Amino acid sequence: MIKRFRSARGRRPIRQSPPSSSGSDRYNEGYERGYTEGLVKGRDTFHIPFQGTSIIIPTYNQAEYLIQCIGSIEAHTPEPHEIIVVDNASTDDIASCLKPFGGKIRFARLEQNRGFAGGVNYGIMMAKGETVVILNNDILVTPNWLTHMLRCLDSDPQIGAVGPVTNYISGEQQIPVPYEDVKEMWEFAAGHNVPDEGKWREADRLVGFCLLLHRDVLHHIGYLDEGYRIGNYEDDDWIIRLRLTGRKLFIAGDSFIHHFGSVSMKQLGQQFESVHHHNELYYTNKWDNPYAWVTNMKEGALARFPGLRSGHDFYPSHVLVRDQSGLVYFLLNGRKYALSGGAEQVGAEAVLLSRLDIRQIPDGEYSLTSEQIREMLDSAAIDESLSAGEAGAGQLVEGPGGRVYQWSRGTMRPFASLHTLERWHMALRKRSVWPLERLNSVPEGDLIIAPPHLDNPVL
């Protein structure tokens, strides 16, 4: 009888005794380890932008419009993108309405309604895209909407923001449309949204229902001002700040989107008038005559000292600032100097700025003590009758009509308004009074503007 032997290749593996832990235990341990490692990796890389667009949608109720908006984005945006929904304490269950989209939506719910500015600001803080779209929730985007806007934005490095055209908005971005309902809109949009650089045009104003910009522009300009209630004027305010830096606004006329129109504002009912009045008054007090300031900057400081500005270039010198964590700095000639010692010893109140703003301000080479800062502040106010050739660094000067300026490195920098002086806690500082001919003998420098008012404690 011939015995047959199995080759080594054909042998069955020898069973080993199972480990002490069960398969489910090993799975749970692996899951926890993977989650923890992923969380650490996510935190470590959060600051790194991705090659795509963050679409920020602040929302308050109106879940039906929001779902339609998101659906249109998913259907007509082939470019890499993320959708960030910031819920301003809605009373309808926005979170549940977003569940069908699964993990495609990044979602944050605020504990109170911080308005359009507060919702957008929170979304900006979350955004990771190299480009950012700020979008109303009552929008339907259409084929090629983002494609053509991106082409326009990237056509000139001096373009700061791009907006589309639409059926319902104030200003130049509204165009006549032949359709009467949404079903007819899609056919119109398909015929309209064909590449056409001839439809691009520079504008003096863009409306915040849909804005596209580069991420770094947001860093240079800063957050929206949360001093505006609910909505209206905060986008105009931000656009003025952008234009003061020398950047351009463009309308991409070959990008059409549908706008249902002020859905959240209409929901205010009788409250609308009081909200509108408050925001209009806040805007006027803050800027006085904003478009005149833009013209003055173009024909004056930007012409004499060319180059794009950042938001902090419009902040004054000789002033204390702080962030939300309580860190205090002294702004001196465009740089920030850390304060060593207590701010209370300086005898001046620090102005709250966002962490984003403070990060953009160049650091000084050393820290300053409260005694050194107090000496500089005293020196700036030492004599109210100094002449143009004798003006001290940081000194305030009042001209005819009550306009206040700050002497800064050979120029006189005007404060945009009394509101600006008050926001920087400088309204009560001593100032010299100069006649017009003396003021005209000194070049006018960059405007000094008020910092954005912030309510959100995490900015």
Side-chain angles (χ1 to χ4, degrees), residues 152-163 172 200-206 213-214 216-222 236-251 283 286-318 331-335 357 360-362 387-389 391 393-417 419-421 424 434-452:
C152 182
L153 182 66
D154 292 333
S155 67
D156 182 345
Q158 287 197 318
I159 295 178
V162 170
E172 299 178 69
W200 300 350
R201 62 187 187 277
E202 189 172 356
D204 290 332
R205 176 177 180 255
L206 292 176
L213 36 108
H214 284 293
D216 67 338
V217 168
L218 279 172
H219 290 176
H220 285 299
I221 307 303
D236 290 297
D237 179 291
W238 192 87
I239 287 296
I240 291 295
R241 287 156 54 197
L242 182 141
R243 291 189 66 200
L244 287 170
T245 68
R247 291 173 172 85
K248 303 175 184 177
L249 308 174
F250 259 74
I251 297 172
Y283 181 79
K286 179 177 178 178
W287 288 108
D288 194 4
N289 189 340
Y291 291 98
W293 287 127
V294 171
T295 301
N296 287 351
M297 276 294 297
K298 280 185 176 181
E299 297 176 354
L302 281 168
R304 288 192 299 272
F305 313 107
L308 296 178
R309 308 295 202 266
S310 292
H312 64 80
D313 292 320
F314 299 98
Y315 291 169
S317 182
H318 292 67
L331 296 191
L332 181 64
N333 296 327
R335 292 184 176 274
D357 265 350
Q360 297 301 309
I361 303 173
S387 64
Q395 179 187 345
L396 300 188
V397 171
E398 184 176 322
R403 177 69 61 196
V404 179
Y405 303 78
Q406 185 175 47
W407 175 268
S408 176
R409 292 177 286 187
T411 66
M412 278 298 178
R413 300 183 58 199
F415 285 81
S417 62
H419 172 95
T420 305
L421 271 168
W424 288 111
W434 286 12
L436 184 60
E437 61 272 14
R438 187 180 295 174
L439 272 176
N440 289 341
S441 70
V442 183
E444 188 171 293
D446 287 344
L447 182 68
I448 297 175
I449 68 174

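Keep in mind that this is a model prediction, so the values were computed, not measured.
- Atom CG of residue L244 and atom CD1 of residue I449 lie 6.0 Å apart, to the nearest 0.5 angstrom.
- Residues P452 and R241 are in side-chain contact: their nearest non-hydrogen atoms beyond the backbone lie under 4.5 Å apart.
- By the 4.5 Å heavy-atom criterion applied to side chains, R247 and I221 are counted as neighbours.
- When all heavy atoms of W238 and G222 are compared, the closest pair comes out as NE1-O, 3.0 Å.
- Rounding to the nearest 0.5 Å places CG of L153 at 6.5 Å from CD1 of I159.
- In this structure a side-chain-to-backbone donor-acceptor pair under 3.5 Å is missing from H214 to G160.
- Between R413 and L447 the shortest side-chain heavy-atom distance does not fall below 4.5 Å.
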Give the table of side-chain donor-acceptor pairs shorter than 3.5 Å for residues 301-310, with sequence neighbours excluded, one pair per line with atom names and distance.
{"from": "R304", "atom 1": "NH2", "to": "E444", "atom 2": "O", "distance (Å)": "2.1"}
{"from": "R309", "atom 1": "NE", "to": "D446", "atom 2": "OD1", "distance (Å)": "3.3"}
{"from": "R309", "atom 1": "NE", "to": "D446", "atom 2": "OD2", "distance (Å)": "2.9"}
{"from": "R309", "atom 1": "NH1", "to": "F305", "atom 2": "O", "distance (Å)": "2.9"}
{"from": "R309", "atom 1": "NH1", "to": "G307", "atom 2": "O", "distance (Å)": "2.7"}
{"from": "R309", "atom 1": "NH2", "to": "A301", "atom 2": "O", "distance (Å)": "3.4"}
{"from": "R309", "atom 1": "NH2", "to": "F305", "atom 2": "O", "distance (Å)": "3.0"}
{"from": "R309", "atom 1": "NH2", "to": "D446", "atom 2": "OD1", "distance (Å)": "3.0"}
{"from": "S310", "atom 1": "OG", "to": "H220", "atom 2": "ND1", "distance (Å)": "2.7"}

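- In this structure N333 satisfies the side-chain contact (heavy atoms from CB on, under 4.5 Å) test together with S317, S408, R409, sequence neighbours excluded.
- No side-chain heavy atom of E202 sits under 4.5 Å from any side-chain heavy atom of L249.
- Judged as a side-chain contact (heavy atoms from CB on, under 4.5 Å), and not counting sequence neighbours, the contacts of P400 are L436, L439.
- Between the side chain of Q395 and the backbone N or O of W407 there is no donor-acceptor pair closer than 3.5 Å.
- No side-chain heavy atom of L213 sits less than 4.5 Å from a side-chain heavy atom of V162.
- Side-chain contact check for T420 versus I448: some heavy-atom pair is nearer than 4.5 Å.
- Here D154 pairs with nothing under the salt bridge (Lys or Arg N to Asp or Glu O under 4.0 Å) rule; sequence neighbours left out.
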Quiz item: Checking ring pair (Phe, Tyr, Trp, His ring centres under 6.0 Å) for the pair Y315/W424: CA distance, chi angles, key distance, verdict?
Solution: CA-CA 9 Å; Y315 291 169; W424 288 111; 4.9 Å; yes

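- Among all heavy-atom pairs drawn from H312 and Q360, the shortest one is NE2-O, 3.2 Å.
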Practice problem: For M412 and W434, run side-chain contact (heavy atoms from CB on, under 4.5 Å): C-alpha distance rounded to whole Å, both residues' side-chain angles, the deciding distance at 0.1 Å, then the answer. | Solution: CA-CA 12 Å; M412 278 298 178; W434 286 12; 3.2 Å; yes

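- Nearest heavy-atom pair, E172 versus D204, reported as atom, atom and distance to 0.1 Å: OE2-N, 4.0 Å.
- The closest donor-acceptor contact from the side chain of R243 to the backbone of K248 lies at 3.5 Å or more, if one exists at all.
- No donor-acceptor pair under 3.5 Å is formed between the side chain of R335 and the backbone N or O of P362.
- Annotation: side chain to side chain donor-acceptor pair (under 3.5 Å) contacts involving residues 288-301, sequence neighbours excluded, comprise D288-R403.
- Remark: D156 CG to F250 CZ distance equals 6.5 Å, nearest 0.5 Å.
- Not counting sequence neighbours, the partners of P290 by the side-chain contact (heavy atoms from CB on, under 4.5 Å) test are I240, Y283, W287.
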Quiz item: Checking side-chain contact (heavy atoms from CB on, under 4.5 Å) for the pair V217/L242: CA distance, chi angles, key distance, verdict?
Solution: CA-CA 8 Å; V217 168; L242 182 141; 3.9 Å; yes

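- Residues F314 and M297 are in side-chain contact: their nearest non-hydrogen atoms beyond the backbone lie under 4.5 Å apart.
- Contact of the F415 side chain with the L396 side chain is registered, since non-hydrogen atoms from C-beta on lie closer than 4.5 Å.
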